[in-house]
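Just below is one structure, and these are the notes that go with it.
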Amino acid sequence: RRVLFRSEGAGVDARTQLRTVPLFREFSDADADHVLSVLRVRHFASGDEVLRQGDVGEHMVIVASGRLRVEVDDGKGHRSDVGAIQTGEIVGEMAAIDPAPRNAFVIAASEAVVYELSRAGLQELRGQSPTAAAAIVAHVIAEVTRRLRETDRRIDRLLNPSAHAQQKVALPKAEPESMWGRLWSRVKGN
């Protein structure tokens, strides 16, 4: 099948590797096995292109190890670094639901191992393990919602700078180790 897991050390099995990713940590053995049956494992060297801006998305990427960077091309051939994806985080998650063109390049910032989950794989998982599929979709929805809220806050601050300068609002604190936590810290000026 598509399972390409390999042991990183003696006694390390595919389920153990999968569970190093927080999304999969609480999955039952049966659910983990079903997820393993639909994932594709990819290994990237530093500098390799993982996702390409403009390509129609076929799969989402879950970082099993390493770091990725996100770059956006301005249409004139100039790329801007706009973020980082760390171990345990996902990127390209909308492709698992909607086959729209990708809006950024994702490049391996170090050696990286990623798990690819395609739309077809997610559909297959819905039949094999509805609980696992629902957990993945819920995670994707939570991630998209978090990103939309952050974008709304940034837009609001840009459109209403004087209102934000006059009032100090206590906003929820994001986890500093996550990409969104780092972005949030930059936006807040920390």
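Keep in mind it's a predicted model, so treat the numbers as computed, not measured.
Under the 4.5 Å side-chain criterion, counting only non-hydrogen atoms from C-beta, V106 is not in contact with E71. Considering only heavy atoms from C-beta on, R119 comes within 4.5 Å of P99 through its side chain. Within the 4.5 Å cutoff, no side-chain heavy atoms of E58 are placed close to those of S118. Within the 4.5 Å cutoff, the side chain of V137 has heavy atoms near those of the I141 side chain. For the pair F24 and Q17, the minimum side-chain heavy-atom distance is 4.5 Å or more. With a 4.5 Å cut-off on side-chain heavy atoms, L39 and L18 count as touching. With contacts defined as side-chain heavy-atom distances shorter than 4.5 Å, the pair I90/V63 does not qualify. Looking at V70 and D81, their side chains never come closer than 4.5 Å, going by heavy atoms from C-beta outward.
Under the ring pair (Phe, Tyr, Trp, His ring centres under 6.0 Å) criterion, no residue pair touches residues 55-106, with sequence neighbours excluded.
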Working note: M60 + V140, criterion side-chain contact (heavy atoms from CB on, under 4.5 Å); need CA distance, chi angles, decisive distance, verdict. CA-CA 10 Å; M60 66 185 232; V140 167; 3.8 Å; yes
One pair to check against side-chain contact (heavy atoms from CB on, under 4.5 Å): L51 and V61. What are the steps and the verdict? CA-CA 9 Å; L51 301 175; V61 171; 4.0 Å; yes
Would you please test R79 and I107 for side-chain contact (heavy atoms from CB on, under 4.5 Å) and show each step? CA-CA 12 Å; R79 288 189 185 182; I107 310 296; 3.9 Å; yes
Is there a side-chain contact (heavy atoms from CB on, under 4.5 Å) between L148 and V144 once you walk through the steps? CA-CA 6 Å; L148 285 172; V144 169; 4.0 Å; yes
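The CD atom of Q128 sits 10.5 Å away from the CG atom of D31 when rounded to the nearest 0.5 Å. The NE2 atom of H34 lies 9.5 Å from the OG1 atom of T131; values are rounded to the nearest 0.5 Å. Residue R149 holds its CZ atom at 12.0 Å from OG1 of T151, rounded to the nearest 0.5 Å. Put simply, CD1 on I62 and CD on E89 are 12.0 Å apart, with the number rounded to the nearest 0.5 Å. Between R15 atom CZ and D33 atom CG the span is 4.0 Å, to the nearest 0.5 Å. Taking CG of D55 as the start and CG of N103 as the end, the distance is 12.0 Å to the nearest 0.5 Å.
Ion pair D29/R19 flagged as a salt bridge, since at least one NZ, NE, NH1 or NH2 atom sits closer than 4.0 Å to an Asp/Glu carboxylate oxygen. Salt bridge status for R126 with E124: absent, with no side-chain N to carboxylate O gap under 4.0 Å. By the 4.0 Å N-to-carboxylate-O rule, R147 lies close enough to E143 to be salt-bridged with it.
The nearest pair of heavy atoms linking L68 to A112 is CD2-CB, 4.0 Å. In this structure, P101 and G54 approach most closely via the heavy-atom pair CB-O, 3.6 Å. Closest heavy-atom contact between G66 and S110: CA-OG, 3.5 Å. Closest approach of P22 and G88 over heavy atoms only: CD-CA, 3.8 Å. The two residues L36 and A14 come nearest to each other via the heavy atoms CD1-CB, 3.7 Å. What you find for V35 and A132 is that their closest heavy atoms are CG2-CB, 4.0 Å.
Between the side chain of D48 and the backbone N or O of A45 there is at least one donor-acceptor pair closer than 3.5 Å.
The side chain to side chain contact (heavy atoms under 4.5 Å, CB included) search around V72 returns Q53, V82, A104, not counting sequence neighbours. The ring pair (Phe, Tyr, Trp, His ring centres under 6.0 Å) check on F44 picks up nothing, with sequence neighbours excluded.
Summarising the local packing, CD of E49 is surrounded by more than 12 heavy atoms from other residues, nucleotides or ligands at distances under 6.0 Å.
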